[in-house]
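Taking it in order: structure first as structure tokens, then the write-up.
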Amino acid sequence: YIITFFILKFISRYLTEPIHKLNEVSKRIARGQYEERTNIESNDEIGELSKSFDEMASINEKTIHQLQDSVTQKEEFMASFSHEIKTPMTAILGFADSLRSGVCDEETQKKAAQYIYTEGKRLEHLSYTLMDLLKLNHQKITLQSVYIPKIIRQLQNYYSGLPSHANLKFYYDDIYVKSQSDLLFVLLRNLIDNAIKASKDNQDIIIKIIQTQKNVEISVKDEGIGMDNDSILKATEPFYMADKSRSRSQGGAGLGLTIVKRICDLHQTNLLFDSKVHRGTTVSFFLEADKHA
């Protein structure tokens with residue numbers, strides 16, 4: 001009987017120990033230790049259960065980290081957005097109060113009115129840009145045949161009516177791509193706007209749309225301030241500006257490349273950067289050519 005007792009006790013422990021381990025690991029995961037795993041190696045039902053449990057735990061850990069990253073990104077977005085609004089609003093209210101009091105001279109009145117108008121336009125632009133970004137976040141697209149020379153003419157007409165200190169030069173093939181006209185125009189306009197803001201007087205900005213063997217390469221190259229590696233990594237983050245003072249003075253809010261990246265994501269293409277500080281930046285991406293009759 002004693003031998004039988006120890007044999008049964010050993011068998012019972014052998015059978016129940018993995019279950020106890022599963023129970024303990026599940027409790028630790030419930031307490032927030034998401035990296036915990038059972039790692040039970042056996043070829044029976046308990047081993048299969050352990051394997052399934054560990055796979056489920058891995059998926060849950062990945063999902064939780066993604067949710068945490070999403071929350072962090074949203075908090076950073078709101079903090080940056082609040083900062084972008086707070087500074088001009090404080091100045092606008094200050095100048096408006098000076099005008100309301102009626103104690104400032106004519107020169108100060110003109111300065112206050114000009115600042116209120118300029119910052120008001122910048123806030124208006126920011127609101128429209130945010131609406132564009134929010135719309136893109138909930139959009140799915142159906143690719144259509146887009147004629148590149150038509151897009152180029154739209155861009156040339158758009159910039160011909162705007163003052164610019166840089167020289168825009170367009171080089172393009174007589175081709176079609178799979179895209180959407182409105183989105184491709186917005187994408188290129190934002191890339192060109194960024195290049196203009198980074199450029200000095202009379203520097204060239206080269207827009208190329210050239211067919212390669214497999215697809216169409218689209219690039220915007222400037223000779224401006226350029227970016228270091230850290231700035232390149234952050235370039236598409238909302239509200240990030242490599243040169244904040246320069247961008248704000250030109251009405252920027254650091255959302256242009258965020259919109260560009262989102263449009264590239266909708267096209268399932270990558271946004272590529274080649275940049276050197278004080279030597280300029282080339283931003284490029286690839287689209288599928290369309291064999292339009």
Side-chain angles (χ1 to χ4, degrees), residues 124-199 202-224 235-236 250-253 255-275 280-293:
E124 179 187 49
H125 176 72
L126 175 59
S127 67
Y128 287 143
T129 305
L130 279 172
M131 284 190 288
D132 288 341
L133 187 57
L134 290 172
K135 183 172 67 176
L136 287 172
N137 285 337
H138 297 89
Q139 186 173 353
K140 293 183 179 179
I141 66 170
T142 300
L143 297 182
Q144 303 165 349
S145 183
V146 177
Y147 189 43
I148 289 301
K150 182 178 179 181
I151 295 293
I152 297 298
R153 284 196 297 272
Q154 289 175 347
L155 289 167
Q156 289 172 331
N157 290 335
Y158 176 81
Y159 285 103
S160 66
L162 297 176
S164 176
H165 58 272
N167 305 313
L168 302 186
K169 296 184 177 181
F170 295 87
Y171 301 92
Y172 57 95
D173 290 335
D174 186 24
I175 52 176
Y176 291 81
V177 296
K178 291 184 178 180
S179 180
Q180 275 194 6
S181 295
D182 291 343
L183 288 182
L184 186 55
F185 176 83
V186 170
L187 191 162
L188 288 171
R189 189 197 69 204
N190 275 286
L191 286 180
I192 294 170
D193 285 348
N194 263 34
I196 291 173
K197 290 169 187 173
S199 300
N202 294 319
Q203 287 186 327
D204 291 338
I205 295 173
I206 298 173
I207 300 94
K208 278 188 179 181
I209 304 180
I210 307 297
Q211 183 156 17
T212 64
Q213 289 183 344
K214 295 182 179 180
N215 44 36
V216 175
E217 181 178 4
I218 301 175
S219 64
V220 176
K221 179 181 179 181
D222 66 63
E223 302 171 338
T236 57
Q250 296 175 341
L255 287 172
L257 286 178
T258 306
I259 290 175
V260 167
K261 184 180 184 304
R262 180 57 185 147
I263 296 175
C264 283
D265 290 343
L266 290 172
H267 286 79
Q268 297 183 347
T269 186
N270 293 321
L271 193 61
L272 307 174
F273 292 87
D274 181 14
S275 186
T281 300
T282 301
V283 185
S284 60
F285 60 96
F286 293 88
L287 292 181
E288 185 178 352
D290 188 37
K291 296 180 181 178
H292 192 89

Would you name the heavy atoms of Asp222 and Ala198 that are closest together and state the gap between them? OD2-CB, 4.3 Å
Would you find a donor on one side and an acceptor on the other, under 3.5 Å apart, between the side chain of Glu223 and the backbone of Gly280? no
Determine yes or no for a side-chain-to-main-chain donor-acceptor pair under 3.5 angstrom, with Thr269 supplying the side chain and Phe286 the backbone. yes
Measure the spacing between [atom1] of [X] and [atom2] of [Y] and express it to the nearest 0.5 Å.
X      : Y      : atom1 : atom2 : result
Ile218 : Gln211 : CD1   : CD    : 11.0 Å
Ile259 : Arg262 : CD1   : CZ    : 11.5 Å
Gln144 : Leu183 : CD    : CG    : 9.5 Å
Ile209 : Ile148 : CD1   : CD1   : 4.0 Å

For Lys261, which residues count as a side chain to side chain donor-acceptor pair (under 3.5 Å) partner, sequence neighbours excluded? Asp265
Partners of Ser275 by side chain to side chain donor-acceptor pair (under 3.5 Å), sequence neighbours excluded? Thr281
Glu288 meets the side-chain contact (heavy atoms from CB on, under 4.5 Å) criterion, sequence neighbours left out, with Lys178
Taken in chain and number order and not counting sequence neighbours, the residues that satisfy side-chain contact (heavy atoms from CB on, under 4.5 Å) with Lys208 are Tyr171, Ile206, Ile210, Ser219
Which donor-acceptor pairs under 3.5 Å do side chains of residues 156-163 form with protein atoms, sequence neighbours excluded?
from	atom 1	to	atom 2	distance (Å)
Asn157	ND2	Arg153	O	3.2
Tyr159	OH	Arg189	O	3.0
Tyr159	OH	Asp193	OD1	2.7
Ser160	OG	Gln156	O	3.3
Ser160	OG	Asn157	O	2.7

Report yes if some heavy atom in the side chain of [X] is under 4.5 Å from a heavy atom in the side chain of [Y]; otherwise report no.
X      : Y      : result
Asn167 : Ile205 : no
Ile192 : Ile207 : yes
His267 : Leu143 : yes
Tyr147 : Asp174 : yes
Leu287 : Asn215 : no
Phe185 : Leu155 : yes
Ile196 : His165 : yes
Leu257 : Asn190 : no

Sorted by chain and residue number, the ring-ring contact (aromatic ring centres under 6.0 Å, His included) partners of Phe170 (sequence neighbours excluded) come out as none
Hey, which of Thr236, Asn270, Leu272, Leu187 is the one that makes side-chain contact (heavy atoms from CB on, under 4.5 Å) with Cys264? Leu187
Quick one: which of Leu191, Val220, Val260 gives a side-chain contact (heavy atoms from CB on, under 4.5 Å) with Phe285? Leu191
